[in-house]
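This report concerns only the one structure given below.
Just so you know, ligand 1 is whichever comes first in the structure, and atom 1 is the first atom listed for that ligand. Note that this is a predicted model, so its numbers are computed, not measured.
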Amino acid sequence: MARNDRHRQQAPLRKILQSVVPADSFREDVIAGLSQRQKALPPKYFYDAKGSRLFEAICRLPEYYPTRSELALTRAHIAAIGRFAGRGSILIEYGSGESLKSRLLIRAVRPAVYVPVDISQDALRGAAARLEREFPWLDIRAVHGDFSQPLKIPVPGRAGRRVVYFPGSTIGNLTPGEAHAFLRMTRAQVGAGGAMLVGVDLKKDANVLHAAYNDARGVTAQFNLNLLARINRELGADFDLRAFRHYAFYNAPLGRIEMHLVSLKAQRVKLGRHRFAFDAGESIHSENSCKYSAPEFQALAGRAGFRGAKVWLDRRGLFSLHGLLAA
Ligand code: SAH
Ligand code: AVI
């Protein structure tokens, strides 16, 4: 406690927020993605300030069951989840966003250090400031970073048991190959005796999935289209937002929701000295959201060096939280 207070006096939150996101990668990734035969953009670029706000609105939609289901299962099993994580652990959260579910975990675990990691500075700043008010005793070390690359986490090597929290089924936005690489990287990061808590959306009736990604109010469509608006704003491109449409469907053989932005006409888009031609009906693949059965995910985690120790489900069996131990 005394150590934390001293730390806070010397280094208020805005100072310890470290940024390790390369400045030019957005432009490079957009040009590379739009140059592919199947045009594609990495979903991590959804989350500028507006995208993060739109995602928070999605979480509150009646059709978008994952947030409510994961919150309900976390509340219902918080004592067991807290025991699994271990009191006083170092809690590292990837893709922490507004750190909504984290609050429950922080209360139960009382971590020695909480390290929220997010690519969205705005979400991270807002969440960290709120957590600082709500948990004045908590040592928060926020990292503005990209978890698709190895990250240096700012906690002393031997300070305690490391537990990585990765809720929200953000792991579903990685392909199974990327998820495997991510889990391997995390396994190395938590070390022997470490653990992971991963929220994973489950396979289910395609109609339920379809509704969750095609909400009646069109918030998901706005979230998807904001990616093009962001490219216009930050990179000076000239996407005509009225000439693209949100399209999301469940690809059953691959077990994933795919989101696309479909060009409504033949058109050309300018980005600096680059020109990208679109046929009518051609799409940009903007996101995968992979769904796993509980045994499928346990097998994936097993191949990456984790032992699946616990699986918690919500009452309706829509969402899972996996407790993984470093094997
Ligand atoms: N964990 C929260 C938010 C999930 S939304 C929840 O369960 O509700 C996904 C979050 O991951 C967003 O806050 C987004 O900014 C962040 N994110 C997505 N890709 C990322 C990446 N490559 N590196 C770091 N953060 C990322
Ligand atoms: C953050 N991620 C897990 C969300 C999902 O469901 O795949 C992002 C999202 N995309 C559309 N709606 C929500």
Side-chain angles (χ1 to χ4, degrees), residues 19-22 25-26 29 41-61 63-71 73-74 92-105 115-128 142-151 164-174 178-179 181-182 185 197-202 208-215 217-227 230 246-250 256-261 286-292 318-319 321:
S19 185
V20 283
V21 176
S25 55
F26 184 33
D29 288 350
L41 292 167
K44 65 185 178 189
Y45 294 118
F46 280 130
Y47 302 94
D48 65 347
K50 179 149 187 226
S52 294
R53 279 199 304 277
L54 285 167
F55 178 73
E56 286 168 20
I58 288 174
C59 291
R60 287 151 181 83
L61 289 169
E63 298 97 329
Y64 193 74
Y65 63 85
T67 309
R68 269 190 307 282
S69 307
E70 193 178 22
L71 268 172
L73 85 81
T74 307
I92 301 162
E93 179 171 355
Y94 284 118
S96 44
E98 56 178 328
S99 290
L100 195 63
K101 298 146 200 164
S102 341
R103 288 186 168 78
L104 302 172
L105 210 58
V115 187
V117 179
D118 207 288
I119 202 162
S120 166
Q121 278 230 46
D122 297 86
L124 196 60
R125 276 181 196 282
V143 176
H144 176 224
D146 179 350
F147 61 62
S148 58
Q149 284 148 36
L151 279 175
V164 165
Y165 184 40
F166 196 31
S169 205
T170 303
I171 199 157
N173 298 136
L174 308 178
E178 290 165 345
F182 174 80
M185 181 183 83
L197 282 163
V198 194
V200 182
D201 196 13
L202 293 167
V208 175
L209 289 169
H210 186 270
Y213 292 84
N214 291 280
D215 64 279
R217 285 179 223 169
V219 184
T220 310
Q222 281 182 57
F223 174 70
N224 200 3
L225 282 158
N226 179 57
L227 188 51
R230 179 179 184 187
H246 163 73
Y247 176 55
F249 70 99
Y250 185 57
R256 69 191 194 195
I257 286 280
E258 287 186 22
M259 288 210 317
H260 292 254
L261 289 152
S286 52
E287 187 181 62
N288 289 317
S289 193
C290 298
K291 311 300 170 187
Y292 294 92
L318 296 174
F319 202 92
L321 182 71

Side-chain contact test, heavy atoms from C-beta onward, threshold under 4.5 Å: evaluate it for L124 versus V117 and give yes or no.
-> no

What atoms in ligand 1 come closer than 4.0 Å to a heavy atom of G97?
-> 13 (O)

Applying side-chain hydrogen bond (donor to acceptor under 3.5 Å, both in side chains), name anything that partners Y250, two or more places apart in sequence or on another chain.
-> none

Heavy-atom check, side chain of L202 versus side chain of Y292, under 4.5 Å = no

Is it true that S52 lies under 4.0 Å from ligand 1, counting heavy atoms only?
-> no

Which option out of G199, G95, G168 puts a heavy atom nearest to atom 2 (C) of ligand 1?
-> G95

Which heavy atom of the protein is the closest neighbour of atom 19 (N) of ligand 1, given with residue, atom name and distance?
-> K44 CB, 3.5 Å

Near ligand 2 (heavy atom, under 4.0 angstrom), the protein residues are Y47, F55, I58, Y64, G168, S169, T170, N173, Y213, T220, F223, M259, E287, S289

Measure the shortest side-chain to side-chain distance between P167 and Y165 over non-hydrogen atoms and say whether it is less than 4.5 angstrom.
-> yes

At a 4.0 Å cut-off, with the gap strictly under it, does some heavy atom of P66 reach an atom of ligand 1?
-> no

Counting heavy atoms under 4.0 Å, the part of F46 that contacts ligand 1 is neither

How about F223 and Y47: are their ring centroids closer than 6.0 Å?
-> yes

Give the single entry among H144, K101, Q149 that approaches atom 8 (O) of ligand 1 most closely by any heavy atom.
-> K101

Taking the side chain as every heavy atom from C-beta outward, state whether L105 and L197 have any atom pair closer than 4.5 Å.
-> yes

If we only count N/O pairs under 3.5 Å, is F55 in contact with ligand 1?
-> no

Taking N or O atoms only and a 3.5 Å limit, does T170 qualify as a polar contact for ligand 1?
-> no

Is the distance between the ring centroids of Y213 and F249 under 6.0 Å?
-> no

With atoms numbered from 1 as shown, which atoms in ligand 1 lie under 4.0 angstrom from a non-hydrogen atom of G145?
-> 23 (N), 24 (C)

So do Y94 and T170 actually touch side chain to side chain, heavy atoms under 4.5 Å?
-> no

Any chance the side chains of D215 and Y64 put a donor and an acceptor closer than 3.5 Å?
-> no

Under a 4.5 Å cut-off applied to non-hydrogen side-chain atoms, are R230 and F46 in contact?
-> no

Would you tabulate the side-chain donor-acceptor contacts of residues 48-55 under 3.5 Å, counting partners in other chains and residues two or more places apart, or write 'none'?
residue : atom : partner : partner atom : Å
D48     : OD1  : K50     : N            : 3.3
D48     : OD1  : G51     : N            : 2.7
D48     : OD1  : N226    : ND2          : 3.0
D48     : OD2  : R233    : NH2          : 2.7
S52     : OG   : D48     : O            : 3.2
S52     : OG   : S120    : OG           : 2.8

Taking only residues at least two apart or on different chains, which pairs with a member in residues 92-102 satisfy salt bridge (charged side-chain N to carboxylate O under 4.0 Å, His left out)?
-> R60-E98, E70-K101

For atom 21 (C) of ligand 1, what is the nearest protein heavy atom, given as residue, atom name and distance?
-> F147 CE2, 3.4 Å

Relative to atom 14 (C) of ligand 1, which among D146, V117, D118, V143 owns the nearest non-hydrogen atom?
-> D118

Applying a 4.0 Å heavy-atom criterion (strictly less than), which segment of Y47 is in contact with ligand 1: side chain, backbone, both, or neither?
-> side chain

Provide, to 0.1 Å, the distance between atom 25 (N) of ligand 1 and the closest protein heavy atom, together with that atom's residue and name.
-> I119 N, 3.1 Å

Taking side chain as C-beta onward, heavy atoms only, is S148 less than 4.5 Å from K44?
-> yes

